[in-house]
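On a predicted model such as this, the values are computed, not experimentally measured, just so you know. Whatever order the structure lists them in is the order used to number ligands and atoms, beginning at 1.
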Amino acid sequence: MTARKPLYVTRPTLPPFEEMVPLLKEVWESRTLTNGGPFHQRFEVELARYLGVPYVTLVTNATIGLMVALRELQICGEVITTPFSFVATGHSVLWHGATPVFADIDPVTLNLDPNAIERLITPKTSAILAVHCYGRPCDVEAIEAIARKHNLKVLYDAAHAFGVKHKGRSVLTYGDLSVLSFHATKVFNTFEGGAIVAPDLETKQSLDRLCNYGIVDEVTVEDTGLNAKMSEFNAALGLLQLRHVDAAIHKRRAIDTRYRELLAGIRGIRCAIEHVDPASHNYYSFPILVGAEYALSRDALYTRLREHGIHARRYFYPLISSMPMYRGLPSAAISALPVAHAVASEVLCLPMFPDLLPEEQESIAAVIRRA
Ligand code: T4K
């Protein structure tokens, strides 16, 4: 059966429009549109409470959030990071003026392999920038131990990890700072947006300053900050989204379970991530690995699905290390990143969003099974 209209890899989750109207009216009437207005303040407090973290600083998007976080941590020299991520991870390091050093990933978690990290540490290394890929927590204990031993900062790109817990504690509280994305395509969205999770008030206030040009008061500018502020519109939407996000994650979890049932037993098709703690996951994405035993190559399956109106995506292919601005780096050599290259050549993210209908899931699985 051919899907009737394009089924994209994601479809933004929005609250009922009527619920947004009174909030919009409040913004319109107050004429406070940005620069830390009342919705911004409330959203920061309620978001920190929801996530179970000490403090958050709201930002325009996660890419800017990563740049601000790198600045806050005074990172310089080399930053060990993963090649298997969205390009924003690498770009934030380059924009900051540091050098990304790519370490290979673990074949089970698809996150940075701690053993690979340690081998790459040099006197120039100042930080580890790890990604909780698809929301699956990194080996945070191992990364913390390496960082402590070598006196490195740890920054988590937690763009995918909204609400995720590790051993009962928010995964966002590990490392020095974590950065969330609230982009339209994420589990929790404010159209564009994000947040930096800070461990204490002093750090939060410093991040706030960096997000507001480094301004302290009308006559004092203490740092070369930038404009990374979230507007009142985005903050009001965020407050409303908080009321609905648990229900959305609940639906995602059911979709994840159903996919696993529908795809079980298809030769060469594997679910890319297994959940250690299903109750603590957010079900951001549904990546599969298309192995050599499958009837089609990964790219042929991608095209076959497209012919049926199903827009699966190859997140994350190509690897960041294969992109023109990175491929000349010594750590970007293909031979140094065998696991990342293997995974990038097999991965395919199937449509995953709360409104995905059971019959749509069945037709996706049917196309995959028929091949
Ligand atoms: N770190 C990591 C690990 C990340 O994955 C990301 C972003 C970041 C950092 C940076 O976060 P932000 O600076 O964005 O806050 C998308 C997103 O733009 C990006 O946020 C996300 N990761 C990445 C994984 O995916 P594209 O270029 O693949 O998006 P696009 O426009 O092709 O959208 C994907 C599908 O979603 C479309 O086929 C249709 C659907 N869609 C998309 C949008 C924007 C909608 O239905 N409505 C929409 O409004 O990058």
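- Tested against Y134, the residues T109, N282, I273 include a single side-chain contact (heavy atoms from CB on, under 4.5 Å) partner, I273.
- R258 forms no cation-pi arrangement with F286, by the criterion of a distance under 6.0 Å to the ring centre and an angle within 45° of the ring axis.
- S206 and E72 are linked by a side-chain donor-acceptor pair at a separation below 3.5 angstrom, with hydrogens and angles left out of the test.
- In terms of the salt bridge (charged side-chain N to carboxylate O under 4.0 Å, His left out) criterion, E293 has no residue partners (sequence neighbours excluded).
- Judged as a ring-ring contact (aromatic ring centres under 6.0 Å, His included), the pairs with a partner in residues 189-209 (not counting sequence neighbours) are, in order, F191-F233.
- For ligand 1, the protein residues within 4.0 angstrom (heavy atoms only) are Y8, V9, T10, P12, N61, A62, T63, S85, F86, A88, T89, V131, D157, A159, H160, S181, H183, A184, T185, K186, G193, Y284, R313, Y315.
- Applying the salt bridge (charged side-chain N to carboxylate O under 4.0 Å, His left out) rule to pairs touching residues 271-292 yields R260-E274, sequence neighbours excluded.
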